[in-house]
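Keep in mind that the numbers below use all heavy atoms, side chains included, and drop hydrogens, waters and symmetry copies.
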Amino acid sequence: MTSAETPAVRFLDPDGSFAPTPDAEPYREIVDGLDDAALEQLYRDMAVIRAFDQQATMLQRQGQLALWPPSLGQEAAQVGSARATRPQDTIFPSYREHVVAKIRGVDPVDILALMRGTTHGGWDPADPKNGNTRLYTLVLGTQTLHATGYAMALNLDGRAGTGDASTDEAVVVYYGDGAASEGDVHEAMVFAASYNTPQLFFLQNNQWAISVPVETQSRGPLADRSAGYGIPTVRVDGNDVLASYAASRMSLEEARAGGGPRAIEAVTYRMGAHTTSDDPTKYRGRDEEESWARRDPIARMRAFLENRGAGSEFFADVEAEGEALAADARARVVNFEAPSPESMFANVYSDPHPLMEQQAQWLAEYEASFEGGAA
């Protein structure tokens, strides 16, 4: 039995029918409590970010970005989990959580600036407008250690488990199936379990760690790994935004209340390339891709909403919003100004450092050695 076939929490069948699995019943009340506006927002989030994501891919192909990691196909897992957070929660993303960042308040164009190389980090995680969203990391698994350390501090500072749901905090850390094999992830889980941290480990199992299939990485469900550390874990259909939302919301409520760490394995699929430097046709077949395309999370949610009575005006409005975001992103990216050379030495250390000063001076002298004063 493959990871995609293992029973999981699911509310929506691939055709959009509302058909909760037995594993979904404990979460039924959460989903039943969503009104039309909340349900439509989940769809809007997914559809709008896909338009942005596709524009970003085109920008990279046209030489405007150095690299782009598409999130195509993983929108439901990300949107559901992000909408389940509270403003006081802190997010530790990997490098593909574009819609998570957007939902939390990050300007998506700041992500493009990072991928273009005009900024070191993309945004200021300490700025309230960015919703406690930490910076992307391209080093697999390291963010789980950072998240666990932060969650340990929440306990030490008395900012979780106080009984006040309006102020108690939690941490969400995102990682993929490839990162799940990294030692950092397992070390993070050891400390999380030992220190009863208020955090959610959110694993997006998109079936491929670049060109390595998940079956090569693990003989059983990846959820068994976190469960093995004593962390309550649930597997959800990662292409069902309702399942992702409900499981994430309950897990976060339990973590904030002092119940300790929780984990979710969202079984989804990376419909595009790992990054724009990757060619997935070299390692996976068309039949597999077409099979997962029939489980598209956006098409699934659209069918569900149409069955509930959502009209063409709503979907047209969502499409227009996506087109506007994509157009805005393109207009701003092509007009980015190149950063000054000396900016690469800023913020490497929290305080002025003689090594950075020496390197900055060397670069200035090197640039001045060229005709016109620039290399």
Side-chain angles (χ1 to χ4, degrees), residues 45-72 74-75 78-79 82 85 90-140 142-143 146-147 172-176 204 270 272-278 321-350 356 359-360 363 367 374-375:
D45 289 334
M46 293 192 292
V48 168
I49 205 63
R50 182 170 290 189
F52 169 82
D53 185 40
Q54 292 173 330
Q55 179 63 242
T57 298
M58 290 187 285
L59 285 166
Q60 193 283 329
R61 298 304 189 200
Q62 295 163 5
Q64 298 295 334
L65 303 177
L67 185 74
W68 183 249
S71 61
L72 186 68
Q74 297 180 223
E75 295 92 351
Q78 295 186 10
V79 168
T85 61
T90 300
I91 312 300
F92 285 81
S94 180
Y95 52 80
R96 202 186 301 276
E97 286 69 47
H98 314 316
V99 73
V100 175
K102 180 178 182 298
I103 287 172
R104 297 294 295 184
V106 174
D107 183 346
V109 176
D110 287 345
I111 305 173
L112 300 181
L114 174 64
M115 298 298 171
R116 187 178 171 94
T118 59
T119 172
H120 284 304
W123 59 90
D124 181 358
D127 191 326
K129 72 178 182 180
N130 293 320
N132 305 326
T133 307
R134 302 301 170 179
L135 300 180
Y136 275 10
T137 175
L138 295 177
V139 182
L140 291 185
T142 58
Q143 72 275 16
H146 304 157
V172 184
V173 59
Y174 292 89
Y175 62 108
Q204 294 177 84
R270 192 194 76 219
H274 174 70
T275 69
T276 46
S277 64
D278 169 46
E321 182 177 337
E323 291 174 351
L325 178 61
D328 176 66
R330 180 172 189 83
R332 292 163 64 189
V333 165
V334 298
N335 288 306
F336 276 155
E337 293 184 5
S340 61
E342 58 270 17
S343 67
M344 75 175 74
F345 305 105
N347 303 315
V348 177
Y349 294 92
S350 58
M356 293 299 98
Q359 291 185 5
L363 179 61
E367 292 276 343

Val109/Phe336 under side-chain contact (heavy atoms from CB on, under 4.5 Å): CA gap, chis, key distance, verdict:
CA-CA 10 Å; Val109 176; Phe336 276 155; 3.5 Å; yes
Donor-acceptor contact below 3.5 Å, side chain [X] vs main chain [Y]:
X: Arg104; Y: Thr90; result: no
X: His98; Y: Pro69; result: yes
X: Asp53; Y: Leu72; result: yes
X: Gln64; Y: Val333; result: no
X: Asn130; Y: Pro125; result: no
X: Arg116; Y: Thr118; result: no
X: Thr119; Y: Ala113; result: no
X: Arg96; Y: His274; result: yes

Hey, could you give me each pair passing ring-ring contact (aromatic ring centres under 6.0 Å, His included) that has a residue in residues 100-134? Not counting sequence neighbours.
Trp123-Tyr136
Option from Val48, Val99, Val100 for which side chain to side chain contact (heavy atoms under 4.5 Å, CB included) with Val79 holds:
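Exactly one candidate clears the test, Val99.
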For Arg330, enumerate each residue passing the salt bridge (Lys or Arg N to Asp or Glu O under 4.0 Å) test, keeping only those at least two apart in sequence or located in another chain.
none
Only counting residues at least two apart or in another chain, list the ones meeting salt bridge (Lys or Arg N to Asp or Glu O under 4.0 Å) with Asp328.
Arg332
Inter-residue atom distance [X].[atom1] - [Y].[atom2], 0.5 Å rounding:
X: Ser277; Y: Gln60; atom1: OG; atom2: CD; answer: 8.0 Å
X: Gln204; Y: Ser94; atom1: CD; atom2: OG; answer: 8.0 Å
X: Leu114; Y: Ile111; atom1: CG; atom2: CD1; answer: 8.5 Å
X: Leu59; Y: Leu112; atom1: CG; atom2: CG; answer: 6.5 Å
X: Arg50; Y: Leu325; atom1: CZ; atom2: CG; answer: 14.5 Å
X: Leu65; Y: Thr275; atom1: CG; atom2: OG1; answer: 12.0 Å

Gly322 versus Ala51, closest heavy-atom pair with distance:
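Here Gly322 and Ala51 meet closest at O-CB, 3.5 Å.
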Of all the heavy-atom pairs spanning Pro339 and Gly117, show the shortest one and how long it is.
CG-O, 4.2 Å
For the residue pair Phe52 and Trp68, categorise the inter-ring angle as parallel (less than 30°), tilted (30 to 60°) or perpendicular (more than 60°).
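The arrangement is perpendicular - the two ring planes meet at more than 60°.
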How far apart are the C-alpha atoms of Gln143 and Tyr174, what are their side-chain angles, what is the distance that settles it, and do they pass the side-chain contact (heavy atoms from CB on, under 4.5 Å) test?
CA-CA 8 Å; Gln143 72 275 16; Tyr174 292 89; 5.8 Å; no
With heavy-atom distances below 4.5 Å as the criterion, would you say the side chains of Phe345 and Leu363 are in contact?
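SC-SC contact between Phe345 and Leu363 confirmed.
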Is there side-chain contact between Leu140 and Tyr95, with at least one heavy-atom pair below 4.5 Å?
yes
If you measure only the distance, is there a donor-acceptor pair under 3.5 Å linking the side chains of Glu97 and Gln74?
no
Are any of the side-chain nitrogens in Lys102 or Asp110 under 4.0 Å away from the carboxylate oxygens of its partner?
no
